Every structure is written in structure tokens, then in C-alpha cells.
Amino acid sequence: MLIEVSRKLLLVILAAFYLTTVQSQNYIKELKNKIQKIEAHDDFSSKDTVYIKNIIELSTHMRYDNWDSVLLLSKKALKLSIPIRYNYGEAHSYILIGDYYSDKGDFKKAMNYYEKALKLVKKGKDCKLLVDVLNAIAISCTYNHEPARALKLHMECIEICYENGLLNRLSMPFTNIGLLYSTVLKDYAKGIYFLNEAKKFDEEYNDIYYFNTTLSNLAYAYMENGELDKAMAHLKPSTAYFENIEEHEFMLLNYTIEVGVLLKQKKFEEALVLLNKLKKLHEHMQDDKSLVTFYEYMFKVHLNFNDLAGAKEYVDKGYVLSKKIHFIDGIKNSLKNLYVLYKEKNDFDNAYKYHEQFQNLTDSILKVENKNNLNALQVKLEFDEQKRKLIEENEIAIAKHKRYILLALIVLCIIFCVVFMIRKNTNTQDQYDVQLRLEKEKLEKNELVLKEANRTKDKLFSIIGHDLRSPIAAFQGLLALLKENEISEDEFVGFLPKLESDLDRISFMLNNLLSWGRAQMNSNVTKTEVFKVKGLVTENMDLLSEIAGNKSITIVNEIPSDVCIWADVNQIDIVFRNLMSNAIKFTEDYGVIVIGAIEKEDTWLFYVRDTGIGMDLETQEKIFMQNTRHSTYGTHNEKGTGLGLNLCKEMIQKNNGTIWLESVLGIGSCFYFELPKETKKYKNVG
């Protein structure tokens, strides 16, 4: 009997089915380069979700190249995802760490990580990610000889896909069920049926990569079912495809299947040529169980060539490695091959010894397989029964629903007739009611306007009374002292820099107050036009240069000179001035402030980033709240009105934009706001 293909090797396909891109050595290199470029960028942040996604994708695609790298990358992605509450990154990291331990045979540890991922996914209600988690758990169950549970989970994936319209993902669970039947339960007819169903979905959604993996799976099932011509017909195009994209995992699988076919056809010389290709692949891959299969095939070929020494070398290697990694199928096949070898050598004592060990192990495996088959059959029957009940309940519910609809239509017709008669006699009354309602709404609107105006007035007087009176009073007091000769002119001149700073701050506060007051009174009309942003920022840098210079702060304008937006230039001027002034206020001496822009499809994303003192979460939540005045002292005890950021938000909203911030206490803050690009009509303006 031909040695069976390594179960572990075939289950590479199961794991590969929840990857989202083509897995190849070239693609892994591209991912590594992409990550290095992101890390080398000036404004690199480890909190960037795109950066975390690339780490996760690299870890996913290295699963069968370097196990240790997979674990390190997955833990790194997890560490970065948890602080920023990036559920997608956290869940995928748990799945990959679970895969690592599953591949190592530590199923208890693997299941612990899968359960963490499942808990996160259920909380977020991401159906696609839920299917991925269930698929990973099912694969681990298959490794752990729990085919019944694996089958149940795969069927659950099918239900989720149908219920949520994820028809393009149905190929995965159908393929997994087909592989479960063909590789574990040895029911090749059922395996071929489910794999052909998966092939239909691959063709329907034009998924070339998974179509070729399905061809590979079908080739194995047809080979084990004795249909060698069909096996080769499916294998050849699949092998050519994976060789073209340098997909080592499936090249290894396809070569192994082809060797199996050649051995069944007694083509030992052709098999040896292909085995030499396999040997080169194994030198670069970490898959002990598939290596056991390679040793078994080499034994078979050397035995056929009557090279008993070579056959003994390979059967011993396979036996030692199988025992080391606790690979039951490998141990069983090695015992059988040792029996055949010693029988060929006429060493009947050893032949009998290994035959007895082989028979005992086969009996125990057969018991487990029978139990697995019964459990799987029970799961299938339970699933079919549940499906039948759901269909019956659905039909009953539809019939009842139809009756309710008919009854509701009759009631609606009666109500319509009654209402029509009432309305016919009350048209005049309705007109009066409408007029009264409109008058009432008008009065209520006027009342709200008056109340808002009153609140604005009170707030203005409050700010003038508390925030402006103090520096003006100090100025008056100083003048009085000079007038009464309490201080000399030289002493007065010494106060001039402080007075100039106070007057600048008062002027800036008054401008904000006037702008805010006009906005509240609805007198500040937004007049949009196309203008270049870089010059606007440069003007504000000049305006604030003295204040920044007093703190030795460097301001960098990274906005490209050709950036144009469609907005009110005066309002955006106020936004930049306030954000830059705010950044100076909360940045320590010798700090840096960067103003930049990121191009998007229809908008420009601007940012003002500082290396200041940052904000805690409580302050961040309050800072843009309406009807509040949140003001704190700067690093040099600078005081503001508390209206600047509120005014910025109103101005950005008037120009069809959005504003938000990111801040870390002790690290700094970054204010973002997004505004529309110039329209095609004004593309060449400015």
C-alpha cells in the first residue's frame, strides 16, 4: 500500500484559506520593504493602523517559512494594537499566535488565544473576521484529532456566510470540509463532492489563487480514490501556477502528490527526479511532518531499486523524526516499512517484531478513526435536522406573516375610509391649525435666537470682565505710577517688553472674541473661494514669530506650495492662527511645531503637530464641547479666553470640514482638520 501524504502538509491548505492575498516569496519581500519604508518616514508612528496591518500580513504569510518570526511579529502587532484599542489588529494577532502554538502541537495554548480572538470579534460583530476565527479553531481541532467539532465549526461558517451575504467566502468552508473528509475521515467521495462545490465558487468569483489551491486539493482526493488520470489533470495547471508565483508551500504539496501518483503508477525513476526537487524545497522550509513523508517516499524508491542500505537510511530517519514530533501516522508507516525492509533482508525476527508493533498501532488508530467517523456523522445528521427544522419554522412564519399582512391591509382600508370622511369635514380647521403651528414655531425660533444672543452677550461680558480687565488694569496702574513719579522712565521702559506681550495677547483675544461673537450672531457669512494654503500659513508664522522666538520654538511649514482648497480664506486664517498660537502656548522652550498637509481623493488633511505637554483623555473630551469655555495656562503661564478651539470647530464646520485631535500626555498634541479640494471649475485659479 502506498504511503499516504502527510496530513500536516495537506492541512497547509486549510490554514492558507483565511489569507487575503497571494502568498509568495516575492510578496513577503515586498511586505518587508513596505514596513521598512514606513518605519523610515519622518512622521512615523507605531500607532499607525496601516503599519500594524502590514506587520500582521507579514506574520500571516511567513507561517510556513519561519515559525519564530511569526510569533515575534504577532506579539509585536498585539502589543501595538492593545493601547490604541485596535480590535482588528488585536484579534488577528491572537489568531496568529494561536496558529503558532497549533502548528507546534500545543492545542491547549492555541485554543486559549483563539478564544480571546473570538471574544473580541463577537463584541465587534465583524462577520468576516468571525469566519476567520472559527476557521482557525476548526483547523486546530482537525490537527488535534477532533474532526466532529471541526466539521461543526465549518458548517457554522457556511451558515454565517449565507446569512450575511458573504458568498465570495463560501469556497473556504466547503474546501475545509472536503479536506476533512479526504485527509482525515478517508471518505474520498464526499471529499471530492465538497471540493467541487468550492471550485464552483472560485470560478464564480474569479479567484485564481484559491481556484488553483482547490485543483491541488482535488488532485490529492482523486489520487487517494484511485482516479490517477483525474488527479494529474487537476495537478498540472495548479503546479504551473504556483511555480510561476514561487509559492513554496503549494509547490511542496503538489510535488508530493505527484510523487504519490508516480509511485502508484510504478514510475520510480520519474518519482526520484521529483523527489530531488522536494529535497531542495525542504532545505528552506520548516515542516517536519512533510519531511517524514519525503523520507517515506525515498524509502519506497530505494527499496524498488534494491538499494537496501539507502532504504534503511531513510526509513530510520523517518522513524526517528516521527517519534520526536509524536507523529502517529509517520510512526505507523515507518513500522510497516521496517517490517517490509527486514522481510526483504530475510531477517524474520525483526520483521515479525515491527509487524506486531505496526498492527497494534494500526488497531488503536482504527478505533480512533471509527469514533471520529461516528462523531462526524452525528454532527452531519444534527446539522441536517437543524436545517430541516429551520426551513419548516421559516415556512410557518412566512404563512403567518402573510395572514397578518392581509389582516393589516383590511384594517388599513377601513381606517383610510374613516379618515377620508373626517378630513373632508375638517379642512378649514386644519388650515387654522397649520397657521397657528407655524406662528408658534416662528415664536419659538425667535425665542431661541434671543436666548442665544443673550447667552453670547453674557459670555462676552464675562470674558471681557475676567480675562481682559486684568491686563488692562495692570497697564493703567503702571501708567499711574509713571504719572505720579512712583517709578522712573527707565524703569517704565524696562516694562515695555512685558506690556507689548500683554497687548499682543489682548489683541489676539479681542480678534477671537469678535470672530466668535459674529459667528454666534450669524453675521459672519462664509464666502468660499480657491486659495493657496502655504502662503496663509507663512503669514501666520511671521505674525507669531516673536511669540515663538521668546520660547525658542521652531515652526516648520511642510505644506506644498501648490495645495489649494475651496473655503473662506479669512475663516481658515483664524483656524491656523489659533491652532499655531495654541501650539506655541503649550510647547516648552526649544520645542518644534510642524504644519503639514496630506492629500486625499476629494479633500486635503491638514495638521498642526507640536512637541508640547499634551493632554489627558478627560481634557481631550472637553476641548471641542459646545457651550463650554475650557482654558488653561501655557508653559509660560500664558492665558487665553477658552474660545479659540471652539471657534476653530465652528469655522471648519462652516467650510464643510471636520476637526479632531490626537494627544499623548507629556509627548505632544496633533490637531487635524479636513477641507474640500478646489473644484475643477477653479482648478487653475491662484
Side-chain angles (χ1 to χ4, degrees), residues 7 10-21 23 60 63 91-92 95 98-99 102 110-111 114 117-118 121-122 125-144 146-185 187-218 220-221 250 372 375-387 390-391:
R7 192 171 300 173
L10 286 163
L11 288 174
V12 168
I13 305 157
L14 290 172
F17 255 85
Y18 66 88
L19 305 182
T20 55
T21 55
Q23 188 173 7
T60 303
R63 181 171 178 184
H92 259 294
I95 294 172
D99 291 340
S102 178
M111 205 58 66
Y114 289 146
L118 189 60
V121 172
K122 285 183 175 178
K125 297 180 180 178
D126 185 335
C127 296
K128 290 181 182 178
L129 199 52
L130 177 60
V131 170
D132 289 345
V133 177
L134 294 176
N135 180 65
I137 296 172
I139 292 168
S140 189
C141 290
T142 304
Y143 288 168
N144 199 28
E146 299 178 79
R149 187 183 176 194
L151 183 60
K152 190 172 183 179
L153 288 167
H154 289 316
M155 288 178 171
E156 189 177 339
C157 288
I158 291 174
E159 282 189 1
I160 293 169
C161 288
Y162 274 119
E163 287 172 3
N164 295 278
L166 303 175
L167 303 184
N168 62 327
R169 297 177 71 84
L170 278 168
S171 174
M172 178 185 68
F174 275 107
T175 295
N176 292 344
I177 293 172
L179 288 169
L180 192 62
Y181 275 114
S182 59
T183 63
V184 179
L185 301 176
D187 189 338
Y188 303 113
K190 280 185 181 176
I192 290 168
Y193 167 77
F194 281 105
L195 288 169
N196 275 312
E197 289 297 305
K199 183 182 170 186
K200 290 177 186 176
F201 286 108
D202 294 334
E203 290 174 323
E204 183 177 350
Y205 292 98
N206 196 28
D207 196 326
I208 299 171
Y209 180 76
Y210 290 134
F211 175 76
N212 282 282
T213 64
T214 305
L215 291 182
S216 180
N217 301 332
L218 278 165
Y220 170 74
F250 279 99
N372 288 337
N375 289 337
L377 178 61
Q378 184 179 356
V379 169
K380 181 69 168 58
L381 291 172
E382 288 174 358
F383 180 78
D384 291 341
E385 179 63 19
Q386 184 182 10
K387 191 174 179 182
L390 285 171
I391 292 170

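Every value quoted in this text rests on a predicted model; they were computed, and no experiment measured them. As a basis for the values below, the full set of heavy atoms in this structure was taken, side chains included, without hydrogen atoms, waters or symmetry mates. Heads up: numbering here begins at 1 and tracks the sequence.
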S.K.: Aromatic rings Phe174 and Phe201: how do their planes relate, parallel, tilted or perpendicular, breaks at 30° and 60°?
M.R.: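 Rings of Phe174 and Phe201: parallel, as their planes differ by under 30°.
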S.K.: Cys157: what forms a side-chain contact (heavy atoms from CB on, under 4.5 Å) with it, not counting sequence neighbours?
M.R.: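 Testing Cys157 for side-chain contact (heavy atoms from CB on, under 4.5 Å), a comparison that skips the adjacent residues, returns Val131, Leu134, Pro173.
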S.K.: At what distance, to the nearest 0.5 angstrom, does CD1 of Ile177 lie from OH of Tyr193?
M.R.: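 Those atoms lie 10.0 Å apart.
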S.K.: My understanding is that only residues two or more places apart in sequence, or in another chain, count here; which of them pass side-chain contact (heavy atoms from CB on, under 4.5 Å) with Ala117?
M.R.: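 Partners of Ala117 by the side-chain contact (heavy atoms from CB on, under 4.5 Å) criterion, ordered by chain and then number, come out as Tyr94, Ile95, Val133.
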S.K.: Between CG of Asp187 and CD1 of Ile192, what distance do you get to the nearest 0.5 Å?
M.R.: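 One gets 9.5 Å once the value is rounded to the nearest 0.5 Å.
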S.K.: Report the residue from Asn168, Thr175, Asn212, Thr214 that forms a side chain to side chain donor-acceptor pair (under 3.5 Å) with Asp202.
M.R.: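 Running side chain to side chain donor-acceptor pair (under 3.5 Å) over Asn168, Thr175, Asn212, Thr214 with Asp202 returns exactly one hit, Thr214.
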S.K.: Who pairs with Phe211 by ring pair (Phe, Tyr, Trp, His ring centres under 6.0 Å), at least two apart in sequence or on another chain?
M.R.: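 Counting only residues at least two positions away or on another chain, Phe211 forms no ring pair (Phe, Tyr, Trp, His ring centres under 6.0 Å).
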S.K.: To the nearest 0.5 angstrom, please state how far the CE atom of Met172 sits from the SG atom of Cys161.
M.R.: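 The SG atom of Cys161 is 6.0 Å from CE of Met172, to the nearest 0.5 Å.
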S.K.: Can you name the side-chain contact (heavy atoms from CB on, under 4.5 Å) partners of Ala138, sequence neighbours left out?
M.R.: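 Here the qualifying residues are Ala150, Leu153, His154.
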S.K.: What distance do Leu185 atom CG and Leu180 atom CG have between them, rounded to the nearest 0.5 Å?
M.R.: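 Spacing of CG (Leu185) from CG (Leu180) equals 5.0 Å.
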S.K.: Inspect the surroundings of CG in Leu167 and state if more than 12 heavy atoms from other residues, nucleotides or ligands are less than 6.0 Å away.
M.R.: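 Yes, the 6.0 Å shell around CG holds more than 12 heavy atoms from other groups.
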S.K.: What is the distance from atom CZ of Arg169 to atom OH of Tyr210, rounded to the nearest 0.5 Å?
M.R.: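 Spacing of CZ (Arg169) from OH (Tyr210) equals 8.0 Å.
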S.K.: Parallel, tilted or perpendicular for Tyr181 and Phe194, by the 30°/60° rule?
M.R.: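 If you compare the ring of Tyr181 with that of Phe194, the planes turn out parallel.
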S.K.: Which is it for Ser102 and Tyr114 under the side-chain contact (heavy atoms from CB on, under 4.5 Å) test, yes or no, and what are the steps along the way?
M.R.: CA-CA 10 Å; Ser102 178; Tyr114 289 146; 3.9 Å; yes
S.K.: Please list, chain by chain and in numerical order, all residues satisfying side-chain contact (heavy atoms from CB on, under 4.5 Å) with Asp126, sequence neighbours excluded.
M.R.: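 With sequence neighbours excluded, Asp126 shows a side-chain contact (heavy atoms from CB on, under 4.5 Å) to Lys128, Leu129, given in chain and number order.
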S.K.: Using the side chain to side chain donor-acceptor pair (under 3.5 Å) criterion, which residues pair with Ser182? Sequence neighbours excluded.
M.R.: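 Ser182: no side chain to side chain donor-acceptor pair (under 3.5 Å) contacts found.
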S.K.: When you look at Cys141 and Met111, which way does the side-chain contact (heavy atoms from CB on, under 4.5 Å) test go after all the steps?
M.R.: CA-CA 9 Å; Cys141 290; Met111 205 58 66; 4.3 Å; yes
S.K.: Mind running side-chain contact (heavy atoms from CB on, under 4.5 Å) on Leu166 and Cys127 for me, showing each step along the way?
M.R.: CA-CA 9 Å; Leu166 303 175; Cys127 296; 4.0 Å; yes
S.K.: What's the spacing between Thr142 OG1 and Ile137 CD1 if we round to 0.5 Å?
M.R.: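 Those atoms lie 12.0 Å apart.
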S.K.: How would you list, by chain and number, every residue that makes a salt bridge (Lys or Arg N to Asp or Glu O under 4.0 Å) with Lys200, sequence neighbours excluded?
M.R.: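 Checked Lys200 against salt bridge (Lys or Arg N to Asp or Glu O under 4.0 Å); matches are Glu197.
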S.K.: Step by step, would you call Glu159 with Met155 a side-chain contact (heavy atoms from CB on, under 4.5 Å)?
M.R.: CA-CA 6 Å; Glu159 282 189 1; Met155 288 178 171; over 6 Å; no
